[in-house]
Amino acid sequence: MSFATAEPGQWTARRWLYAVVTVFTMETSLLLYVGQREETVAVRPPFRTAVHFVFDPWSSEQLDRLPAMSDPSLFALPGESGFSGEAWLRPAPLLFQPKHWSGEICWLPLDEKALGAGFVQFAATNFIAPPLVVDQPVPPLLRYEPHFPSDPFPPRSRLRLEGELGSRSLVSPLAIRSWTHSDLLSNTVVQAAIDADGHVMLASLLVESGFPSADAEALKLAALARFRALPRAARDATGAGPLAWGRMIFQWHTVSRSATNSSLPRP
């Protein structure tokens, strides 16, 4: 008869059964121990607000003597959803019904002698002086005073220099002629630029006189003009500058056509 021997290092079925029963017993004991522990109950805070019902007149009188009893907001605040919303937010309008008057009409007495007494007293105590128009001096009358130029008309045409050209005199005067015209001619203004030697480098017409021949004569004379040259110390590095700018104003003298016709010899 032979018996099968168990190999070392392997658990048998009985050994597994004992292990499972032991673990189950330990877990059950642990759960029972933990489940039987008593939990501490939290202590509720005391509710200090107390409601007392007043049944006797003496207690009601004591409550009425409290200083805060006259303020109704301490008991109920207004709110749309609260129980006092209708009373606080939407109060009913007050209806006034005057009492019926049954007495007779009583007129106030009128003193006819006192009518206008207030105005008379005001006029007596508040004197307003009349405006003294006659005592004021008579303002000067506005009158037209024609203004005539004090300078006489020039007997001949002449030239006036302005700007930087005023300090540069002409070497020789220009022969400016007079014009035969039915009306007076305005001045012809020519803007000119001269170099250090006194030669006119640029001449342009600024203001016309109304007579083209006179304007063309002014440009021709401006181009032929010769001014005083600058000393060498006053010139720039090029020797031809600086340029001097200014205006040449030609004041024309006119002769009427009737005067020229009368001066012609008769045949």
Are [X] and [Y] grouped together when hydrophobic residues (ILVMFWY) are joined by side-chain heavy atoms under 4.5 angstrom apart?
{"X": "Leu185", "Y": "Ile249", "result": "no"}
{"X": "Ile194", "Y": "Leu161", "result": "yes"}
{"X": "Trp252", "Y": "Val207", "result": "no"}
{"X": "Met248", "Y": "Val189", "result": "no"}

Calculate, to the nearest 0.5 Å, the distance between atoms [atom1] and [atom2] belonging to [X] and [Y] respectively.
{"X": "Thr28", "Y": "Phe24", "atom1": "OG1", "atom2": "CZ", "result": "4.0 Å"}
{"X": "Thr188", "Y": "Asp215", "atom1": "OG1", "atom2": "CG", "result": "4.0 Å"}
{"X": "Arg158", "Y": "Asn187", "atom1": "CZ", "atom2": "CG", "result": "9.5 Å"}
{"X": "Gln251", "Y": "Ser209", "atom1": "CD", "atom2": "OG", "result": "12.5 Å"}

Name every donor-acceptor pair, under 3.5 Å, that has one atom in a side chain of residues 104-125 and the other anywhere in the protein, sequence neighbours excluded.
{"unit_1": "Asp111", "atom_1": "OD1", "unit_2": "Lys113", "atom_2": "N", "d": "3.3"}
{"unit_1": "Thr125", "atom_1": "OG1", "unit_2": "Gln121", "atom_2": "O", "d": "2.8"}
{"unit_1": "Thr125", "atom_1": "OG1", "unit_2": "Phe122", "atom_2": "O", "d": "3.4"}

Suppose we screen for salt bridge (Lys or Arg N to Asp or Glu O under 4.0 Å). Which residues come up paired with [X], at least two apart in sequence or across chains?
{"X": "Arg177", "result": "none"}
{"X": "Glu208", "result": "none"}
{"X": "Arg247", "result": "Glu162"}

Side chain proximity check, Leu206 to Val190, heavy atoms < 4.5 angstrom:
no
| message | I'd like to check Phe250 versus Ile176 (side-chain heavy atoms, cut-off strictly below 4.5 Å). Are they in contact? | response | yes
So ring pair (Phe, Tyr, Trp, His ring centres under 6.0 Å) across residues 200-225, not counting sequence neighbours, yields Trp179-Phe211, His181-Phe211
query: Do His253 and Ser178 have a side chain donor and acceptor closer than 3.5 Å?
result: yes
Donor-acceptor under 3.5 Å (Asp195 side chain, Val200 main chain)
no
key: Under 3.5 Å donor-acceptor, Thr254 side chain and Thr180 backbone   = no
Quick one: side chains of residues 223-237, donor-acceptor pairs under 3.5 Å with protein atoms, not counting sequence neighbours, listed by atom name and distance.
{"unit_1": "Arg226", "atom_1": "NE", "unit_2": "Asp197", "atom_2": "O", "d": "3.4"}
{"unit_1": "Arg228", "atom_1": "NH2", "unit_2": "Ser167", "atom_2": "O", "d": "3.0"}
{"unit_1": "Arg235", "atom_1": "NE", "unit_2": "Leu230", "atom_2": "O", "d": "3.2"}
{"unit_1": "Arg235", "atom_1": "NH1", "unit_2": "Asp197", "atom_2": "OD1", "d": "3.0"}
{"unit_1": "Arg235", "atom_1": "NH1", "unit_2": "Gly239", "atom_2": "O", "d": "3.1"}
{"unit_1": "Arg235", "atom_1": "NH2", "unit_2": "Asp197", "atom_2": "OD1", "d": "2.9"}
{"unit_1": "Arg235", "atom_1": "NH2", "unit_2": "Leu230", "atom_2": "O", "d": "3.3"}
{"unit_1": "Asp236", "atom_1": "OD1", "unit_2": "Thr238", "atom_2": "N", "d": "3.4"}
{"unit_1": "Asp236", "atom_1": "OD1", "unit_2": "Thr238", "atom_2": "OG1", "d": "2.9"}
{"unit_1": "Asp236", "atom_1": "OD1", "unit_2": "Gly239", "atom_2": "N", "d": "3.2"}
{"unit_1": "Asp236", "atom_1": "OD1", "unit_2": "Gly241", "atom_2": "N", "d": "3.2"}
{"unit_1": "Asp236", "atom_1": "OD2", "unit_2": "Thr238", "atom_2": "OG1", "d": "3.3"}

